[in-house]
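Working notes, structure below.
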Amino acid sequence: MDESPKPTKQIEYRHPAEGMLRIYSNNVAMASTSFDVRLLFGEVAEIREDKVIVDQTVQVTMTWLEAKIVADFLRVNIEDHESLNGP
C-alpha cells in the first residue's frame, strides 16, 4: 500500500476590493450546537453599578474541526508570545 504524502494545494487568499473589515473586541461569548460553534465578539461599551453593557458586533460560526484548528493556532501563538514576554 502506497502511503506517500498527498500533494498539497497552494492557498490563495483574496480580500474584498474595498478592504478587509477590522473589528476590535474585548469581549467574547460562545454558543454551540452538535454541528458547529459560534463566537460572538463585542466591545464593552458601558460599565454601570448594576450591569456591564456589551455591544456585540461580529458573529463567527465555524465547524468543530475548524474550531480545533483555531484553538491549536491560538495555543501555539500564546506560548510563543509568553516565551518572549512572560505570562
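Start at 1 with the first residue, then count along the sequence. Quantities reported herein were computed from a predicted structural model and do not represent experimental measurements.
- Surrounding CG of Leu74 are more than 12 heavy atoms belonging to other residues, nucleotides or ligands, all under 6.0 Å away.
- In plain terms, the two heavy atoms of Gln56 and Ala29 that are nearest each other are NE2-CB, 3.9 Å.
- Residues Arg38 and Met30 have side chains not in contact (no heavy-atom distance under 4.5 Å, counting atoms from C-beta outward).
- Residues Ser34 and Trp64 form no side-chain contact, since every pair of their non-hydrogen atoms from C-beta on lies 4.5 Å or further apart.
- Between Glu46 and Val44 there is no side-chain heavy-atom pair separated by less than 4.5 Å.
- If you chain together hydrophobic residues whose side chains sit under 4.5 Å apart, Leu65 and Val37 never meet in one group.
- No donor-acceptor distance shorter than 3.5 angstrom exists from the side chain of Ser25 to the backbone of Glu43, with no hydrogens or angles considered.
- Heavy atoms from other residues, nucleotides or ligands lying under 6.0 Å from CD of Glu18 number more than 12.
- Glu82 is linked by a side chain to side chain donor-acceptor pair (under 3.5 Å) to nothing, counting only residues two or more places apart in sequence or in another chain.
- Between Asp80 and Ile78, the closest side-chain pair of non-hydrogen atoms is not below 4.5 Å.
- By the rule that hydrophobic residues join a cluster once side-chain heavy atoms approach within less than 4.5 Å of another member, Val58 and Met62 end up as members of one cluster.
- A continuous path of hydrophobic side-chain contacts links Val70 to Ile23 [ILVMFWY only; heavy atoms under 4.5 Å].
- In this structure, OG1 on Thr57 lies 8.5 Å from CG on Leu21, to the nearest 0.5 angstrom.
- The shortest side-chain heavy-atom distance between Val60 and Phe41 falls under the 4.5 Å cut-off.
- Asp36 and Thr33 share a side-chain donor-acceptor pair at under 3.5 Å.
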